[in-house]
Amino acid sequence: MKIANVIVDVPTKQTDRPFDYIIPKEWENVIQPGMRIVVPFGPRKIQGFVTDIKAGSEVKQLREMIEPMDLEPVLNKELLHLGEWLTETTLCFKIFAYQAMLPAALKAKYEKMVRLAPGMKAECLPQKIKPYFTNHKSLDWEEALKDGLVSVLQQEAAKGKLEVVYVVKERVRKKQVKFVGPLFSAAELAVEKEKIQANAEKQKQVLDYFIDHPNPMELRKLLQETNASAATVKALVAKKLLFEEEMEVYRNPFEHRTFEHTYPLPLTNAQAAAIKPIHASIESQKHEVFLLYGVTGSGKTEIYLQSIQKVIEKGQEAIVLVPEISLTPQMVNRFKGRFGDLVAVLHSGLSAGEKYDEWRKIQRKEVKVVVGARSAIFAPFENIGIIIIDEEHETSYKQEDMPRYHARDVAIERAKTYQCPVVLGSATPSLESFARAQKKVYHLLTLSSRMNERPLPAVDIIDMREELRAGNRSMFSRKLFDMLKDRIEKGQQSVLFLNKRGHSSFVMCRDCGYVVNCPNCDISLTYHRAGSRMKCHYCGYESHIPKVCPECSSEYIRYFGTGTQKVEEELGKILPEARVIRMDVDTTGRKGSHERLLKEFQEGKADILLGTQMIAKGLDFPNITLVGVLSADTMLHLPDFRSSEKTFQLLTQVSGRAGRHQLPGEVVIQTYTPEHYSIELAGTQNYDLFYQREMMIRKLHHYPPFYYLALITLTHEHLMTVVAETEKIVHYVRSQVSNQAVILGPAASPIPRINNRYRYQCLIKYKREPNLTRILKKILDQYQKETKNGLLVSIDINPFILM
DNA sequence: GGCCACCCTGAA
DNA sequence: TCAGGGTGGCCC
């Protein structure tokens with residue numbers, strides 16, 4: 001008898017272990033580790049992952065599995081193993097680890113229904129529920145709940161008249177398209193054609209088409225080509241001249257785009273020097289992590305492309321991670337242009353079905369390269385030759401909910417398995433990575449000059465306090481205004497960047513400064529243009545915008561946008577001739593609008609591109625000669641130990657958008673704190689000095705990369721409970737770790753209340769605590785088991801956001 | 001997560 | 001006595 005070890009789709013501590021199921025004879029040769037199957041679990045049916053197959057089991061009361069959900073494993077051996085590693089290192093449930101590795105489309109959907117028991121008729125049922133079963137076989141549980149039928153249904157079920165059934169459903173179907181093709185050869189068709197009635201002109205045309213094109217083709221396209229109707233084709237199928245068939249097709253998100261084929265470019269000396277050790281690592285199959293530190297515009301992408309080329313030639317596969325790829329269609333173009341159909345693209349802009357299809361291309365080994373955001377690191381390749389992480393410093397590589405993994409760590413783990421190189425690329429590496437490169441843990445490769453020797457743009461830092469003193473109260477300094485005017489006259493383009501925290505806007509009273517907060521969470525409500533309402537992003541609370549301020553009754557209460565709208569208005573006043581494209585949450589909400597706006601800008605339909613964070617990346621247009629940062633320091637004062645690093649990275653990144661081609665570029669940074677090192681050094685693009693300064697501060701305050709962090713967050717509806725329990729945990733941790741570790745807390749989280757639950761935390765800073773994982777596991781065991789009257793504990797190892 | 005068995009409570 | 005509601009332990 002064969003037994004399947006199954007990780008069941010129930011994310012709790014108690015079920016976070018394999019359950020054993022008998023594999024019935026009929027499935028014995030089908031079921032393999034890595035497949036999804038449907039199993040009975042208590043009274044329900046649920047999805048599970050087969051992790052292993054054994055000959056026997058310790059468990060006495062075994063049940064049989066119900067059916068497989070896959071014909072071949074969706075997780076290969078390596079990924080199953082990687083799942084265990086993920087569980088261990090991020091302390092998440094196994095089921096979360098496995099689900100994170102698959103496209104969302106493969107996550108099961110569950111339905112609970114009530115139907116007549118076998119042999120029962122609707123007539124036997126009480127009046128109240130009879131109509132529900134007279135014309136329908138089954139009733140949706142949700143509907144029964146809504147109509148208040150549950151207790152009646154339960155009574156009837158107890159009498160054996162009804163039964164409750166559970167259904168496990170797939171989220172998406174493979175896309176099926178009707179194909180039509182000839183059943184005879186061209187010559188035979190010609191003969192058959194003569195037999196058709198004289199007046200069936202359309203049918204003859206269709207046959208003619210197949211005489212010329214003997215291959216089956218999509219029905220939709222055939223109808224377009226031949227101008228025939230579906231009925232015509234149907235008639236020919238009835239005459240047994242043509243066949244119809246449903247075939248699986250991939251949804252193609254790039255259907256209406258063509259990619260110009262590109263060829264390897266000659267490398268500069270610096271590029272050639274950098275690529276050499278990478279190629280050596282590929283060739284010798286030796287795992288190594290490279291930090292490719294190259295200033296903006298130094299040609300990192302060409303190094304990626306030619307390394308991948310080498311990997312493909314060796315018959316291996318490549319994974320390329322790009323931060324939020326939908327933001328950089330240009331990046332996709334570069335990979336599709338070089339490797340064409342060998343590239344699959346995975347990013348958040350695709351629909352679930354499209355993502356699933358791209359994933360299937362990888363699984364079926366129809367592609368060799370994956371370009372994608374964070375989760376693409378789990379691409380189901382089996383012979384990886386290189387993993388590349390572009391913009392390595394980006395915080396979006398860290399997932400903020402379970403499993404709380406960092407794509408960089410997963411990349412290194414997989415690369416160790418395949419003995420292949422990892423390339424981390426950035427113009428402003430994270431301190432963690434650069435420190436590792438300094439310690440020779442990573443192999444540092446430097447590109448210190450731009451390609452075609454373009455100089456880095458000249459940067460002007462403008463002290464806005466001076467402007468104010470000089471009587472300029474506008475948000476544009478005199479210098480920036482002059483330069484904008486100058487570019488418009490010359491017909492060149494400018495980018496204006498508003499460095500604002502977050503992407504959201506809030507409602508505030510201009511008289512007393514009152515901000516409308518969520519009643520359930522300690523956070524301001526976010527303004528939504530649709531219906532002019534305010535929403536809480538954490539608990540879903542919604543309300544109207546008040547007409548007068550609830551605090552001071554002033555009528556001057558209104559929403560503060562990301563600020564871009566205000567900037568646009570002011571631009572209209574001072575530079576009425578300027579054509580402006582604004583990019584923020586309001587203008588890029590709909591799918592594809594982002595790309596469209598960028599395209600318009602590229603085509604020269606505007607002089608100024610105005611936006612928030614989202615325009616900082618990947619913009620590479622030849623005509624941009626001016627970049628202006630309106631307020632460089634808004635992000636600097638956030639309570640986050642990485643705020644200086646983020647400011648420096650962002651300013652450097654933005655400055656790099658100017659003058660990447662023939663025309664030289666200039667950058668203007670406006671700030672109220674020009675003396676701050678992260679702004680000053682971004683001005684001179686001096687990463688090395690910034691690194692030194694920032695490292696000193698990190699060392700002083702016991703932050704990464706000198707110390708590791710682990711964050712324990714507790715939530716409960718009573719403030720007192722949460723404080724007391726956090727206190728206990730702080731004590732426990734303190735008693736268990738060495739005196740080298742620093743334990744902070746209990747302290748309120750940066751968002752102290754969400755959905756009426758108070759949030760307290762304990763932050764552990766440590767250098768070497770071999771027992772820490774064990775200690776943290778113990779805490780989770782203790783608290784997740786006891787359901788302590790609703791106390792929830794979550795742990796983030798190496799957190800990025802300390803909330 | 002969802003279910004059921006179990007307990008307690010309160011009202012007839 | 002039983003419906004109603006809250007809780008804890010189990011699910012191969």
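What's counted below: heavy atoms across the whole structure, side chains too, no hydrogens, waters or symmetry copies.
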- Could you tell me the separation between the OH atom of A:Tyr21 and the P atom of C:dC11, rounded to a whole number of Å? 10 Å

- Query: Between C:dC10, B:dG1, C:dC12, which nucleotide gets closest to the side-chain atoms of A:Gln14?
  - Reply: C:dC10

- Mark yes when over 12 heavy atoms from residues, nucleotides or ligands other than A:Lys54 sit less than 6.0 Å from its NZ; otherwise mark no. yes

- Item | Gap between atoms CE and C1', on A:Met1 and C:dC12 respectively (whole Å) | 12 Å

- Item | Near-strand residues of residues 43-55 of chain A, defined as heavy-atom separation under 4.0 angstrom from DNA chain B | A:Pro43, A:Arg44

- Query: For the pair made of CZ in A:Phe19 and C1' in C:dC12, what is the distance, rounded to whole Å?
  - Reply: 6 Å

- Task: Specify whether A:Phe19 and A:Phe41 have parallel, tilted or perpendicular ring planes, treating 30° as the upper limit for parallel and 60° as the lower limit for perpendicular.
- Result: perpendicular

- What's the closest nucleotide to the A:Lys112 side chain, out of C:dC10, C:dC12, B:dC3? B:dC3

- Message: Let's see if you can work this out: which of C:dC10, C:dC12, B:dC3 has an atom nearest to the side-chain heavy atoms of A:Tyr166?
- Response: B:dC3

- Task: Specify the separation, in whole Å, of atom CG of A:Leu145 and atom C1' of B:dC3.
- Result: 14 Å

- Task: May I have the distance from A:Asp9 (atom CG) to C:dC12 (atom P), rounded to whole angstrom?
- Result: 15 Å

- Is A:Arg364 salt-bridged to A:Glu72, cutoff N-O under 4.0 Å? no

- Would you call A:Glu143 and A:Lys146 a salt bridge, using N to O less than 4.0 angstrom? no

- Message: Between the side chains of A:Glu156 and A:Lys161, is the shortest nitrogen-to-carboxylate-oxygen separation below 4.0 Å, so that they form an ion pair?
- Response: yes

- Tell me: CD of A:Glu111 to C1' of B:dG2, nearest whole Å? 16 Å

- Query: For the pair made of CG in A:Asp16 and C1' in C:dC10, what is the distance, rounded to whole Å?
  - Reply: 16 Å

Please list, one pair per line, the donor and acceptor atoms closer than 3.5 Å that link side chains of residues 374-382 of chain A to other protein atoms, with sequence neighbours excluded.
from, atom 1, to, atom 2, distance (Å)
A:Arg374, NH1, A:Ser396, O, 2.8
A:Arg374, NH1, A:Lys398, O, 3.2
A:Glu382, OE1, A:Lys365, NZ, 3.3

- Query: NA contact type, A:Pro18, heavy-atom cut-off 4.0 Å: base, sugar-phosphate, or nothing?
  - Reply: nothing

- Task: Just say parallel, tilted or perpendicular for the rings of A:Tyr356 and A:Trp359, cut-offs at 30° and 60°.
- Result: parallel

- Item | A:Ile7 CD1 - C:dC12 P separation (whole Å) | 15 Å

- Task: Identify which nucleotide among C:dC12, B:dC3, C:dC11 has an atom closest to any side-chain atom of A:Leu62, counting heavy atoms from C-beta outward.
- Result: C:dC12

